[in-house]
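Structure, as structure tokens:
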Protein chains: 2
Amino acid sequence: MKCISESTEERIKEAAKNVFLEKGFDGTTTRDIAKAAGINSALMNYYFRSKEKLFQTIFDDMCGLMFEGMLELLNQPISLREKISKLMDHQFQMMMKNPNLTIFVMNELHRNPERLFATVGMAKQLTESKFDKEIENAIVQGTIPAIESHHILTMIIANIQFLFVSKPMTMLSRGLDEAGFKAFATRHMEYVKDMLCDYLFKPEHST
Amino acid sequence: MKCISESTEERIKEAAKNVFLEKGFDGTTTRDIAKAAGINSALMNYYFRSKEKLFQTIFDDMCGLMFEGMLELLNQPISLREKISKLMDHQFQMMMKNPNLTIFVMNELHRNPERLFATVGMAKQLTESKFDKEIENAIVQGTIPAIESHHILTMIIANIQFLFVSKPMTMLSRGLDEAGFKAFATRHMEYVKDMLCDYLFKPEHST
DNA sequence: TATAATTTTAATCAAGTGATTAAACATTTT
DNA sequence: AAAATGTTTAATCACTTGATTAAAATTATA
């Protein structure tokens, strides 16, 4: 075992992640992955049995990454307002680091919904968190309008993740480069945060 | 030529549309299309030269469908508030009829951005419409907060289309059937419309 | 009806696919 | 060092892929 490069298994996983994220399951060949990992193509089968099994490993990882940190945030003992703000910042940072995570997960799920094993539990946990109860309480107290937590979470996620789902179209149609897109997305985030907070914590509802 | 079934070319296009929308370019084989169209697989090449050319035809159609009617709405002589409301209703209806249109277009664009020929002009037109000037005017008059039209359009589109991009995940994680999803989406639309209108036409800005 | 043009078919091609094999190489254990 | 185990390789398999071909079937034209 060398200290410079990680284990072969990890190298394959890393390469597979990159290629799958870029080309999707159907667009990826096992030879693509082998080439990206710099290994003999038979090694992929040695470590992961099949392309499908390797993919499922990566897919589960990506689903995890998508909601990583979110659950902890939802259960933090901070105010609802701060929680939502932090939630959006966290999502945005995560998507900036993994711009094509959403399009990958959503597309593979569309192609083959049965693949969603590891995530279905994770997604359910989101609606069984402290956040969920805090929303209910806030509604009873009249702090926010009557709207289930799932709709609020959908608003948060949609307004952030769609930015990255439509990134190629935005860049092409508006002639932006990476820096231009980042500027656009960053500004958009401010608007979206304002919009959501205004909607939830509007004057007639607060205190 | 028969009156019952359309021309062979149209049958191929229709079949290709369905298969491509379901499986994407990489996941679709020419034999899939031939089978769906009930034709010999060589006919696809006779009419469209190649899988790539056929795909580009379908892809352009789908891009058009995505923004169909939107441009006309943007240029209608109605109030900004009504325009935005109608815009959202129109988008929602369109997505209900074509639930996997967005994931298809966005994914293929992600895979191969060069494919965006027909649409880039269309997307640009969106920001050169009457709507664009109306927004500018409304900002000057203080009717709405200072926010470029592209951000507003992004908000509208994101909040609607992401519902359908994430449809499989929503249905799976919340255990919804088609009817359940429709109910969820319809309700969500009401919230989103409220949120956006509240944000744009909030008290301190109106009249 | 005979001829030409168009449309459709079955058969086939070369290239690429996921996966397996048996042998080579490397490392650990005895 | 020798044997045993674990890792990597090149070669290859059976199959699918997009596309082409030449012939057949259909339709239009003269």
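In what follows, chains are A, B, ... by sequence order, proteins preceding strands, each numbered from 1.
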Candidate nucleotides D/dA19, C/dT20, C/dG18, ranked by approach to the side chain of A/Asn45 - the nearest: C/dT20
Does A/Leu43 or A/Arg31 map to a spot on DNA chain D nearer the 5' end, using the closest nucleotide for each? A/Leu43
Run B/Ile147 and B/Met155 through side-chain contact (heavy atoms from CB on, under 4.5 Å) and show every step you take. CA-CA 11 Å; B/Ile147 170 172; B/Met155 284 170 173; 3.9 Å; yes
Measuring to OP1 and OP2 of D/dT7, would you say a side-chain N or O of A/Thr8 lies under 4.0 angstrom away? no
Going through the checks in order, is the side-chain contact (heavy atoms from CB on, under 4.5 Å) test met by B/Phe20 and B/Phe104? CA-CA 8 Å; B/Phe20 277 141; B/Phe104 169 74; 4.1 Å; yes
What's the CD1-P distance between A/Ile39 and D/dT7, to the nearest Å? 14 Å
With a 4.5 Å heavy-atom cut-off, do B/Asp132 and B/Glu128 have their side chains touching? no
Rounding to a whole Å, what distance do you find between A/Gln56:CD and C/dG18:P? 17 Å
For A/Asn40 and C/dT21, give me the distance from atom CG to atom P, rounded to whole Å. 15 Å
May I have the distance from A/Asp32 (atom CG) to C/dG16 (atom P), rounded to whole angstrom? 12 Å
How many Å lie between NZ on B/Lys35 and P on D/dT16, as a whole number? 12 Å
Separation of B/Glu9 atom CD from C/dT6 atom P, in whole Å? 15 Å
For B/Phe48, report the nucleic acid contact type (base, sugar-phosphate, nothing); a contact means any heavy atom under 4.0 Å. nothing
Under 4.0 angstrom, heavy atoms only, what part of the nucleic acid is B/Ser50 near: base, sugar-phosphate, or nothing? sugar-phosphate
Tell me which nucleotide among C/dA19, D/dT7, D/dA19 gets nearest to the side chain of A/Tyr47. D/dT7
B/Gln91 versus B/Lys86: any side-chain heavy-atom pair under 4.5 Å? no
Taken to the nearest whole Å, CG/A/Asp26 to P/D/dT16 is 16 Å
Nearest of D/dT20, C/dT8, D/dT7 to any side-chain atom of B/Ala42? D/dT20
C/dA10 P sits how many Å from B/Tyr46 OH, rounded? 17 Å
I want to check something: taking the side chain as every heavy atom from C-beta on, are B/Met189 and B/Asn159 in contact at a cut-off of under 4.5 Å? no
